[in-house]
Amino acid sequence: MAEPQGPGILWPVLGAFLVGGFLLSLAVGPMGLSEGWVVMRLRLPRALLAVLAGSSLAASGCVLQSILRNELATPYTLGISAGAALAAGALIVSNLVVSSLALVATGTLGALVAVAVVYLLARRGSGSAGVRLLLAGITVNLVGASILMLFEYFSPASRLVEIVRWLMGSLAAVDTTVPVFLLLFVVPGMAIVLANTGTLNQLASGETVAASRGVTVGRKRNVLLIASALLAGGSVGAIGPVGFVGLVVPHIMRKLVGGDYRRLVPASAVAGMVALLLADSIARIVISPAELPIGVVMSLVGGPFFLFLLLRSGRY
Amino acid sequence: MPEILEVSDVSLGYGGDAVLREVDLSLDRGDICGIIGPNGAGKTSLIKAILDLDVWWDGNISISGKANDTLSRTERARLVSYVPQSYSQGAELTVEESVLLGRYPHRRSWSRDSGEDLEIAARCMRATDTWRLRSRLYTRLSGGEKRLVLIASALAQQPVLLLLDEPAAALDFRHQVELWLLLNRLASEGLTILLSTHEIGIASGFLTKIMVLAESRCVASGRPDQVLRSDLLSEVFGLGLSVEKHSGGSYVVLPRME
């Protein structure tokens, strides 16, 4: 791999992709741009959702990769997707008639509870805190997925379809309430992460070295875990467990801007917006006027692309 | 003027067990002190107590006249820096970026590197002969080069006291000599250095003080000529050792083959 150069032209390119992706997202669909209400009521909330969730998942991935000192960590490593899926699945199975916002809020709550459980499980024990978090996250993911499978097993077919649809992810916001709801999580979460990008560099260096350079490791790690959980938990609640953004985007940006989190986090956040805007546009174009689930598009496009990058870098 | 490091009547350990008891040590500006002793004697633990990390400690430790238990992490990091024995960098950074990590206690977490930060990092890289490596990735360096970059990063903290945990371990002979010459030069410029080491022979030519730890205590401390005695070292390491002074000022420590 060539040594990463300074960002240089990267910011203008990312900015152009963001604007282009946003406009594309507003333009794509069976009805033309002339239908103003479609653009304002349906596509704008959708594009905003892509921007908020994409940046959140990518930034959250960066945080987890630093704290766990593992480039393959994702926001879902902490059981976030399992928690959200379990909570949303439980609500769907319960047969209660609820608004889409209630489903979003329930998913988010489930994600945050899962992170809390992972944190409590990892609090005690010997060895590195990162490894304990990783093991606790894997356990919560497995147990959560198994309980969800039980729900699915005993659900009537109509509910089963709904759960499966939810798991595939969607950006189809009915109105602006979901993006506004997500903002409640993104603003504090992103503010905390961006204010601590230098600390992420230190935490990636390991606990002892970070502490010797002045980091209050335990406190900073907890604050960043909470921020990461807010970002990813809110996003998963809002759009479902869309994979790969939190893993692939930071990975690609690392090749372009280097490993310094002061550059990596903002670059990944913008690239995450672009990734979701493009994936959602593809999801709406391929079988128009119907649309593909965004989770499927993201994994189908992101998976092989990630594999290509790994093979090309010769690291695996 | 206060001593740079004052350790008096310090006991320390993990959990309920004390690893070291009633240790005293005082270091002046420009001292290079080596902590020697068998594995598990508490060498690293003493360094950790000065860093207030991982171990509990009782007694008094002061750094530049400031009580260690009253210092915040940031305040301590501006006085003391640390080079671990082993270190794997989680983020993929260039040498220059790695050295700049040492500026953390002097700036806000998110802020960019200032002109002063870059200037200090450049000075530290030149001092450690790593300037030529500045745009290489840290992960691609040899073991000896990595050790020098870590020292440059520790120097970028602008400490008064540099702690190193077995700095010469796993280095070839040339890199060991270069490392000791570097530490000697840094000390002559006024930096105080405390390190743990097993390379007693080569280190003895550069150390101004030696502290010998064994069986949870400091069994001897002083100048190399006061401490490096065959009877003392044989007892500490549980092995017959012969100690001879070399004409260059270093000591040769060899096991007696009987």
Side-chain angles (χ1 to χ4, degrees), chain A residues 1-7 62 64-71 73 126 128 130 191-220 223-224 250-251 253-266 313 315, chain B residues 14-15 44 47-48 50-54 71-98 100-113 117 133-140 150 153-154 156-157 159 162-163 165:
Chain A
M1 189 189 84
E3 265 93 43
Q5 301 299 311
C62 288
L64 267 294
Q65 286 158 19
S66 160
I67 291 178
L68 301 177
R69 306 190 70 207
N70 187 335
E71 283 182 21
S126 56
S128 112
I192 292 170
V193 174
L194 289 176
N196 283 288
T197 46
T199 306
L200 289 174
N201 280 333
Q202 301 296 339
L203 290 173
S205 305
E207 294 171 24
T208 305
V209 171
S212 78
R213 290 191 185 130
V215 179
T216 43
V217 173
R219 204 178 72 203
K220 286 288 182 186
V223 167
L224 282 160
H251 196 83
M253 287 300 113
R254 212 170 256 123
K255 304 291 171 206
L256 296 175
V257 302
D260 186 336
Y261 282 90
R262 289 173 301 167
R263 290 195 301 271
L264 183 61
V265 171
S313 70
R315 285 179 59 187
Chain B
Y14 302 87
T44 302
I47 288 175
K48 293 271 180 80
I50 297 166
L51 290 167
D52 196 28
L53 269 179
D54 301 338
L71 292 171
S72 70
R73 282 252 166 266
T74 304
E75 288 167 339
R76 189 177 299 105
R78 288 175 182 164
L79 294 171
V80 184
S81 62
Y82 169 62
V83 178
Q85 185 187 351
S86 64
Y87 168 80
S88 70
Q89 197 171 63
E92 210 160 65
L93 301 178
T94 63
V95 165
E96 185 175 30
E97 288 169 336
S98 304
L100 280 162
L101 290 179
R103 297 301 299 154
Y104 182 83
H106 297 278
R107 65 180 179 204
R108 291 179 190 279
S109 173
W110 68 86
S111 60
R112 295 168 65 123
D113 305 312
D117 290 332
L133 306 170
R134 65 189 177 281
S135 51
R136 299 244 324 257
L137 285 176
Y138 174 84
T139 46
R140 300 286 170 96
L150 282 179
S153 179
Q157 280 175 241
L162 176 63
L163 305 174
D165 197 0

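Because the structure is predicted, anything quoted here is derived from the model rather than measured. Just so it is clear: chains get the letters A, B, ... in the order the sequence lines come, proteins before strands, and each one is counted from 1.
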Visitor: Hey, are the side chains of A:L256 and A:R263 touching, using non-hydrogen atoms and a 4.5 Å cut-off?
Guide: no
Visitor: Go through A:N201, A:L68, A:T208, A:L200 and name the one with the most non-hydrogen pairs under 4.5 angstrom from chain B.
Guide: A:T208
Visitor: Do side-chain atoms of B:R73 reach the backbone of B:P105 as a donor and acceptor pair under 3.5 angstrom?
Guide: no
Visitor: For residues B:Y104 and A:T199, is any side-chain donor paired with an opposing acceptor at under 3.5 Å?
Guide: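 Their side chains do contain a donor-acceptor pair, which is all the 3.5 Å distance test asks for.
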Visitor: Considering only heavy atoms, which portion of B:D54 lies under 4.5 Å from any heavy atom of chain A: side chain, backbone, both, or neither?
Guide: side chain
Visitor: For B:L101, does its backbone N or O pair with a side-chain atom of A:Q202 as donor and acceptor, under 3.5 Å?
Guide: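 Yes; at least one donor-acceptor contact below 3.5 Å.
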Visitor: Non-hydrogen atoms of chain B under 4.5 Å away: do they reach the side chain of A:L194, the backbone, both or neither?
Guide: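 Contact with chain B involves the backbone of A:L194 alone.
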Visitor: For chain B, which of A:V265, A:L264, A:V215, A:L203 has the most heavy-atom pairs under 4.5 Å?
Guide: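 Ranked by contacts with chain B, first place is A:V215.
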Visitor: Could you check whether any side-chain N or O of B:S153 sits under 3.5 Å from a backbone N or O of B:L150, counting only pairs where one atom can act as donor and the other as acceptor?
Guide: no
Visitor: Relative to chain A, which segment of B:D113 carries a heavy atom at a distance below 4.5 Å: side chain, backbone, both, or neither?
Guide: both
Visitor: Heavy atoms only, distances under 4.5 angstrom: which of A:A211, A:S66, A:G206 has the most pairs with chain B? Name it, please.
Guide: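 Of A:A211, A:S66, A:G206, A:A211 has the most heavy-atom pairs under 4.5 Å with chain B.
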Visitor: Tell me, for A:R69 versus chain B, whether the close heavy atoms (under 4.5 Å) come from the side chain, the backbone, both or neither.
Guide: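 Side chain only.
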Visitor: Less than 4.5 Å apart, side chain to side chain, heavy atoms only: is that true for B:P159 and B:V80?
Guide: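 They are not in side-chain contact.
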Visitor: Heavy-atom pairs under 4.5 Å with chain A - which of B:G102, B:S81, B:S88, B:A154 has more of them than the others?
Guide: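 Greatest number of close heavy-atom pairs with chain A: B:S88.
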Visitor: Please classify the contact between B:S111 and chain A as side chain, backbone, both or neither, with a heavy-atom cut-off of under 4.5 Å.
Guide: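 Looking at B:S111, just its backbone touches chain A.
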Visitor: Given heavy-atom pairs under 4.5 angstrom as the criterion, report whether the side chain, backbone, both or neither of A:V217 touches chain B.
Guide: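 A:V217 has no heavy atom closer than 4.5 Å to chain B.
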Visitor: For B:R76 and B:L71, indicate whether the former's side chain and the latter's backbone hold a donor-acceptor pair under 3.5 Å.
Guide: yes
Visitor: Relative to chain A, which segment of B:R107 carries a heavy atom at a distance below 4.5 Å: side chain, backbone, both, or neither?
Guide: side chain
Visitor: So, the side chain of B:R136 versus the backbone of B:V95: is there a donor-acceptor pair under 3.5 Å, distance only?
Guide: no
